[in-house]
Amino acid sequence: MRTTVGIIGGGPAGLLLARLLHRVGIDCVVLEARTREYVEHRQRAGMLEQGTVDALRACGAAARLEAEGLVHQGIELRFAGERHHIDFPVLTGGRTVTIYAQTEIVKDLVALQLADGPPLLFEAQALAVEKPESEQPVVRFLHEGREQTLTCDWVAGCDGFHGISRDAFPAATSRTYAHDYPYSWLGVLADVAPSCDELIYARGENGFALHSMRSPSVSRLYLQVPNGTEPDDWPDDRIWDELAARFAIDADWTLGRGPITAKSVTPMRSHVHEPMRHGRLLLAGDAAHIVPPTGAKGLNLAVSDVRVLGRAFAELHRTGSEQLLDSYSELCLDRVWQATRFSYDMTRMLHAQPNGDAFESRMQLARLHRITASRHAAAELAANYTGLPLPL
Ligand code: RFL
Ligand code: PHB
């Protein structure tokens, strides 16, 4: 097989890139290791920045998002028995965020892709990217029981944190920056109406909790748990009791309970790979960087990388200039580090230190009090949460 852009990975990054390329007439092939069923049901993100919504709209993938997405005007911070609303439109000059599940974005993009897009192969597992320094890099992959090759002009490595694209970068010119956090998130989906209108980020004395949602009748909730926790360590009643304790405030508020339909544990890490380009291989999304989910940045960063990459390929196609492709890594990394910093700060501010460090705990409260007391500090949080501008 041969194509202009070989895309490894059919997650949000790879699928959106395929749409953006298709729109400007650049042919590509998407190789996805898993089945369609699997990628459409993998529970993950839910909070979209305005720029992410705009990007999906621009490639015709926002019809259902516009009908079903929940527009939020802010978030609530809960700590020390108090609740504080952070008003995004007031603090950012009108910006909002939208709740719409990653599973639904993937379903929408897959449907478009299969209807009129360039090829998308499921159960096509990339094994290696060869000759990325040459004009014709090759992706070796397994599909339908045999090894095949995809010869490309360019390769986009959109294969997530556990993918193989990063392996094709020479160690001598690559660097990875990583940080592991001493806690994980236990995430649940529950068939119960959300007990809030906006997301609640709660710093409980026993740890962090987040109340999010998927629809007016489905709640998505997360609890800080120790590393190494198994989902089965937490029977449903224990989850609800702990969530209720962490969200507890003096005012009249109760957490609605309902049947839990999914349960999983996610470790928390920050990880940045530099550079994001080697020869004709370009990384986008989780393949290049991951952040802890506290700032809701992972999916949004994947989308912003792909928006830059889509424009760079469009410029090459239209004018023959490789200028944007040459600055791709630099353009993305500035925003990546800002999101890495924001996610780190949000995580450190809201999670209980497993060693019970009393000084650290007071620092958290001081940070939270500053945000709720100073419009300037709140505006800084709001600007980062709703998304920094694209570098183009
Ligand atoms: P993905 O989604 O991991 O997709 C990569 C795809 O590549 C495939 N693949 C391969 N294909 C072919 N050959 C190979 N060798 C391959 N190896 C892998 C995989 O099967 C997969 O389909 O990466 P992408 O596209 O970069 O998207 C990134 C996002 O998925 C991720 O950043 C977010 O989910 C992170 N995240 C959140 N981000 C937000 O912006 N807002 C949120 O509210 C938010 N909440 C979250 C999150 C992530 C979470 N978890 C589970 C880590 C909440 C959680 C709990
Ligand atoms: C989610 O809805 O899954 C979600 C929302 C906000 C976050 C993380 C996850 O910070």
Side-chain angles (χ1 to χ4, degrees), residues 6-18 29-36 38-49 51-52 70 72 75 97-103 105-106 109-110 120-129 139-143 150 156-167 184-189 194 198-201 208 210-215 218-222 262 264-269 271 283-306 339 342-343 346-347 350 385 387:
I7 300 178
I8 309 178
L15 292 169
L16 181 63
L17 179 61
V29 172
V30 185
L31 305 175
E32 166 54 51
R34 304 285 194 155
T35 62
R36 178 177 182 180
Y38 184 91
V39 299
E40 289 187 344
H41 293 92
R42 193 165 36 195
Q43 278 305 323
R44 286 200 172 169
M47 202 295 293
L48 314 184
E49 295 171 3
T52 298
L70 308 169
H72 282 201
I75 55 170
V97 294
T98 301
I99 292 289
Y100 187 68
Q102 181 169 329
T103 46
I105 294 179
V106 168
L109 289 170
V110 165
L120 160 60
L121 308 183
F122 289 104
E123 298 179 80
Q125 186 194 0
L127 302 171
V129 180
V139 182
R140 274 199 298 114
F141 66 102
L142 266 181
H143 186 54
L150 177 63
C158 303
D159 47 351
F161 185 59
H162 301 288
I164 52 91
S165 300
R166 272 198 317 273
D167 299 345
S184 303
W185 277 16
L186 171 68
V188 300
L189 259 189
E198 56 194 25
L199 270 54
I200 306 171
Y201 288 81
F208 171 75
L210 169 61
H211 194 325
S212 182
M213 60 197 71
R214 288 293 175 262
S215 72
V218 176
S219 296
R220 175 81 169 144
L221 297 128
Y222 298 98
S264 61
V265 174
T266 311
M268 311 275 279
R269 341 184 151 88
H271 193 281
L283 301 179
D286 280 16
H289 42 72
I290 52 168
V291 290
T294 326
K297 286 287 151 242
L299 169 63
N300 293 298
L301 265 190
V303 168
S304 54
D305 288 351
V306 160
F342 175 66
S343 306
M346 285 286 280
T347 303
L350 291 163
Y385 195 97

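Small disclaimer: the values here were computed from a predicted structure and weren't measured. Atoms within each ligand, like the ligands themselves, are counted from 1 in listed order.
Ranking protein heavy atoms by distance to atom 9 (C) of ligand 2, first place goes to Tyr222 CE1, 3.6 Å. Shortest contact from atom 5 (C) of ligand 2 to any protein heavy atom: Leu199 CD2, 3.6 Å. The closest protein non-hydrogen atom to atom 6 (C) of ligand 2 is Tyr201 OH, 3.3 Å.
Side-chain atoms of Asp159 come within 3.5 Å of backbone N or O of Ile164 as a donor-acceptor pair. Counting only distance, with no hydrogens or angles, the side chain of Asp167 and the backbone of Val129 share no donor-acceptor pair below 3.5 Å. In this structure, Glu32 contributes its side chain and Arg34 its backbone to a donor-acceptor pair below 3.5 Å.
The existence of a salt bridge linking Arg36 and Glu123 is excluded, since no basic side-chain nitrogen approaches an acidic carboxylate oxygen closer than 4.0 Å.
Set against the non-hydrogen atoms of Gly46, the atoms of ligand 2 under 4.0 Å away are 1 (C), 2 (O), 3 (O). Heavy-atom proximity to Arg44, at under 4.0 Å, picks out these atoms of ligand 2: 3 (O). Heavy-atom contacts of Ala296 reach the following atoms of ligand 2: 6 (C), 7 (C), 10 (O) (cutoff under 4.0 Å).
Only the side chain of Ser212 comes within contact range of ligand 2, with a heavy atom under 4.0 Å; no backbone atom does. The backbone of Thr294, and not its side chain, has at least one atom closer than 4.0 Å to an atom of ligand 2 (non-hydrogen atoms only; backbone = N, CA, C, O).
Between Tyr222 and Trp185, the angle of the ring planes lies from 30° to 60°, which puts this pair in the tilted group.
Among the atoms of Trp185, none of the N or O lies under 3.5 angstrom from an N or O of ligand 2. Close N/O approach between Pro293 and ligand 2 is found [any backbone or side-chain N/O within under 3.5 Å]. At under 3.5 Å, not a single nitrogen or oxygen of Tyr385, backbone or side chain, sits near a nitrogen or oxygen of ligand 2.
Within the model, atoms CD of Glu40 and CG of Leu109 stand 10.0 Å from one another, a figure rounded to the nearest 0.5 Å. How far CD1 of Ile7 is from CG of Leu17: 4.0 Å, rounded to the nearest 0.5 Å. The CD1 atom of Ile75 lies 5.5 Å from the OH atom of Tyr385; values are rounded to the nearest 0.5 Å.
Heavy atoms of Gln102 come nearer than 4.0 angstrom to ligand 2 in no pair at all. Heavy-atom distances between Arg214 and ligand 2 reach below 4.0 Å in at least one pair.
Results of the side chain to side chain contact (heavy atoms under 4.5 Å, CB included) test with Leu199 over His72, His211, Arg220 single out His72 as the only residue that passes.
A heavy-atom cutoff of 4.0 Å around ligand 1 is satisfied by the protein residues Ile8, Gly9, Gly10, Gly11, Pro12, Ala13, Leu31, Glu32, Ala33, Arg34, Val39, Arg42, Arg44, Ala45, Gly46, Met47, Gln102, Ala124, Gln125, Ala126, Cys158, Asp159, Gly160, Gly163, Ile164, Tyr222, Thr266, Gly285, Asp286, Pro293, Ala296, Lys297, Gly298, Leu299, Asn300, Ala302.
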Contacts table for residues 286-296: side-chain donor-acceptor under 3.5 angstrom, sequence neighbours left out:
residue, atom, partner, partner atom, Å
His289, NE2, Asp305, OD2, 2.6
Thr294, OG1, Thr347, OG1, 2.8

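Within the 4.5 Å cutoff, side-chain heavy atoms of Ile8 are placed close to those of Val139. Put simply, the side chain of Leu221 does not reach to within 4.5 Å of the side chain of Ser212, judged on heavy atoms.
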